[in-house]
Amino acid sequence: KLQESVSVKDVGAVGDGSTDDTTAFQNAIATGKNIFVPHTSTGYKVSASLGTLQEGQSIFGQGLTKIAVDTSTTDFVTITATTENIISNIRWQGSGTDKGTGIKLSVGETASDFASGLLIENCWIMGFNKGYAPDNSFDVKFMNCEIRNNRFGLFLEPIGGGAGSYIATYEFFGCRFYGNSTRDMKLLVSGNAACRGINFFGCTFDPTGHPTNPSMQIDNGALINWDGCYFEAGTTGLNGTPPSPRQIFATNSINLKVSNSIWTGSGGIDLVNSEMTLDNCWSFSLAASPGDSKDPIIADANSRVSIKNSRMRSNASDFVGCETYVIENSEVKIPTGGTSSHYKFRSGGSNANAAGTDTILSDYEEGVHAPTTAPETSGTLTFGNPSLTYTKIGRMVTINGILGNAVLGTPVGTYFTMTLPYPIKSGSIGYRVGGAVRFVQGTTVPYQGSEADTTITIYIDVSTINTGDDFFLSFSYFA
């Protein structure tokens with residue numbers, strides 16, 4: 001409805017790139033109507049803050065209309081504690097990374113004030129100290145935006161610091177973060193405030209502009225997710241605090257998750273007293289030696305990481321000093337020696353190209369075991385229908401099932417051997433916790449295994465075994 005909108009040209013804007021159109025924009029915003037900014041080849045020049053959008057008021061350009069600020073040390077566009085604002089198809093261009101904020105979601109100075117319902121779509125925000133900086137807010141969406149060449153792309157900090165002040169439920173769809181000189185995102189929470197539910201979908205993070213700084217710094221965050229994202233790590237590996245360059249540097253944060261994502265180059269993720277899950281991710285790092293700040297993941301002794309369905313590789317090692325890793329259906333590279341790390345593999349995890357400090361798991365696993373059997377002296381003894389399962393809890397392995405349908409190849413000997421799913425623990429006393437091997441009609445058969453063995457020995461004169469005979473197994477041992 002045209003009567004519900006106003007064009008900045010109807011209130012005096014020229015749009016030639018040199019005439020100061022600040023007053024025209026301020027007058028348009030003051031009408032309370034939606035604001036249309038027609039495209040011009042040179043864009044619009046303004047020299048001060050444009051003012052405050054009112055509740056339900058939107059501003060939209062044509063194509064990607066440029067609005068450039070000439071000189072400003074204050075916020076460029078300020079949005080009050082309102083709902084249902086939309087900003088679209090605008091290229092917001094500041095005059096320098098030490099000047100102002102591109103879009104500030106402002107609600108006042110108390111923890112009880114909130115803003116919500118903002119949609120920013122098809123916009124560029126560039127050339128400011130802070131590209132986007134909100135006060136307490138929730139339900140904010142960015143779609144197909146480019147946030148680039150600012151000092152901070154996003155600066156998320158709840159005001160007040162008390163219980164009830166928070167930033168929550170932010171979603172970024174298909175956005176690109178590029179060339180922000182200090183951080184693509186800084187998330188800082190103090191006191192009893194909270195910052196949670198920040199989600200990135202299909203976004204790209206390019207550290208050009210901050211090659212020696214982490215792309216995203218997260219302090220006391222929670223429920224932050226990256227899904228389908230691409231991280232280009234920095235090209236310069238400088239040691240610092242935090243270690244740099246890193247894509248994600250998190251301290252005192254929980255419920256962080258990266259899924260369906262890729263990162264490359266010389267840096268990845270750094271965790272201090274934090275928890276993160278990686279699922280279906282791929283990384284190749286330029287790390288030259290363990291702990292040189294270029295590893296895909298570095299975590300301190302108070303952090304926890306779960307890696308699933310992923311490939312985490314580097315030229316050196318991936319993991320340094322973390323308390324616990326659960327590695328599931330993934331290929332990783334573990335440092336060799338000299339660390340106090342503990343690694344837990346589950347459901348097909350593998351230690352690629354390095355020995356690892358502790359590859360025996362204190363974890364739960366179950367599966368089907370298809371053993372190889374062989375008589376003591378000569379001939380062959382196989383089973384046409386083996387049906388064995390195993391469970392592993394910590395170092396305790398339990399095997400149950402049937403070696404069924406014996407197939408004889410003139411076996412000779414007083415025993416036969418059967419391979420195990422895990423070797424018996426070295427240096428162990430009491431390798432066998434209990435159980436039995438029974439032959440055909442309930443006859444108990446002795447069996448034996450020694451430390452570091454990969455097989456057990458089942459003592460029976462193999463000449464007494466008939467074609468089609470079965471063995472029933474149920475026993476446990478320490479891996």
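What you see is a predicted model, and the numbers here were worked out from it, not measured in a lab. The basis for the numbers below is simple: all heavy atoms, side chains too, and nothing from hydrogens, waters or symmetry mates.
- For Ser18 against Lys45, the heavy-atom pair with the smallest separation is O-CD, 3.3 Å.
- Of all heavy-atom pairs spanning Ser253 and Gly221, the tightest one is OG-N, 3.0 Å.
- Between Val140 and Ser116, every side-chain heavy-atom pair lies at or beyond the 4.5 Å cut-off.
- Counting heavy atoms from C-beta outward, Phe60 and Ile90 have side chains that stay 4.5 Å or more apart.
- The shortest non-hydrogen separation linking Val397 to Pro421 is CG1-CG, 4.2 Å.
- When only modelled atom types and interatomic distance are considered, Ser88 and Asn122 share no side-chain donor-acceptor pair under 3.5 Å.
- Side-chain contact check for Gln62 versus Phe36: some heavy-atom pair is nearer than 4.5 Å.
- Side-chain contact between Arg91 and Thr65 is absent, with no heavy atoms from C-beta onward closer than 4.5 Å.
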* **side chain to side chain contact (heavy atoms under 4.5 Å, CB included) evaluation trace for Asn255 with Ile224** => CA-CA 7 Å; Asn255 292 331; Ile224 303 174; over 6 Å; no
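- The ring pair (Phe, Tyr, Trp, His ring centres under 6.0 Å) test with Phe142 is passed by exactly one of Phe172, Trp124, Phe201: Phe172.
- Note that the CG atom of Leu271 and the CG atom of Asn273 stand 10.0 Å from one another [nearest 0.5 Å].
- Side-chain contact of Ser137 with Tyr170: a donor-acceptor pair under 3.5 Å is present, judged by distance alone.
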* Asked: Which is it for Phe152 and Tyr132 under the ring pair (Phe, Tyr, Trp, His ring centres under 6.0 Å) test, yes or no, and what are the steps along the way?
  -> CA-CA 8 Å; Phe152 295 96; Tyr132 172 78; over 10 Å; no
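- Taking CD1 of Ile254 as the start and OG of Ser274 as the end, the distance is 9.5 Å to the nearest 0.5 Å.
- For the pair Leu118/Ile120, a side-chain contact is recorded, criterion being any heavy-atom separation below 4.5 Å from C-beta on.
- Using a 4.5 Å heavy-atom cutoff, the side chains of Thr389 and Thr391 are not in contact.
- Under the salt bridge (charged side-chain N to carboxylate O under 4.0 Å, His left out) criterion, Arg148 pairs with Glu146, not counting sequence neighbours.
- In this structure, the side chains of Leu154 and Ile147 come closer than 4.5 Å at one or more pairs of heavy atoms.
- Side chain of Asn129 to backbone of Arg151: no donor-acceptor contact under 3.5 angstrom is found.
- Ring pair Phe200/Phe177 is perpendicular by interplanar angle, where above 60° counts as perpendicular and below 30° as parallel.
- The 12-atom threshold is not exceeded at NZ of Lys257, counting heavy atoms of other residues, nucleotides or ligands nearer than 6.0 Å.
- A pairwise comparison of heavy atoms in Glu55 and Asn85 identifies C-ND2, 4.4 Å as the closest pair.
- The CD atom of Glu121 lies 11.0 Å from the SG atom of Cys175; values are rounded to the nearest 0.5 Å.
- In this structure, Lys186 forms no cation-pi arrangement with Phe155, as its terminal cationic atom is not both closer than 6.0 Å to the ring centre and no more than 45° off the ring axis.
- In summary, the side chains of Asp219 and Thr251 do present a donor paired with an acceptor at a separation below 3.5 Å, with no hydrogens or angles considered.
- Here the straight-line distance linking atom SG of Cys123 with atom CD1 of Ile103 works out to 6.0 Å at 0.5 Å rounding.
- Aromatic pair Tyr230/Phe205: ring centres not closer than 6.0 Å.
- The two residues Cys229 and Gly202 make their nearest non-hydrogen contact at SG-N, 4.1 Å.
- With contacts defined as side-chain heavy-atom distances shorter than 4.5 Å, the pair Trp226/Ile248 qualifies.
- Remark: side-chain polar atoms of Asn180 are not paired, donor with acceptor, to backbone N or O of Thr182 under 3.5 angstrom.
- For Ile29, the side chain to side chain contact (heavy atoms under 4.5 Å, CB included) partners two or more places apart in sequence, or in a different chain, are Ile35, Leu50, Leu53, Gln57.
- To the nearest 0.5 angstrom, Thr169 atom OG1 is 7.5 Å from Phe138 atom CZ.
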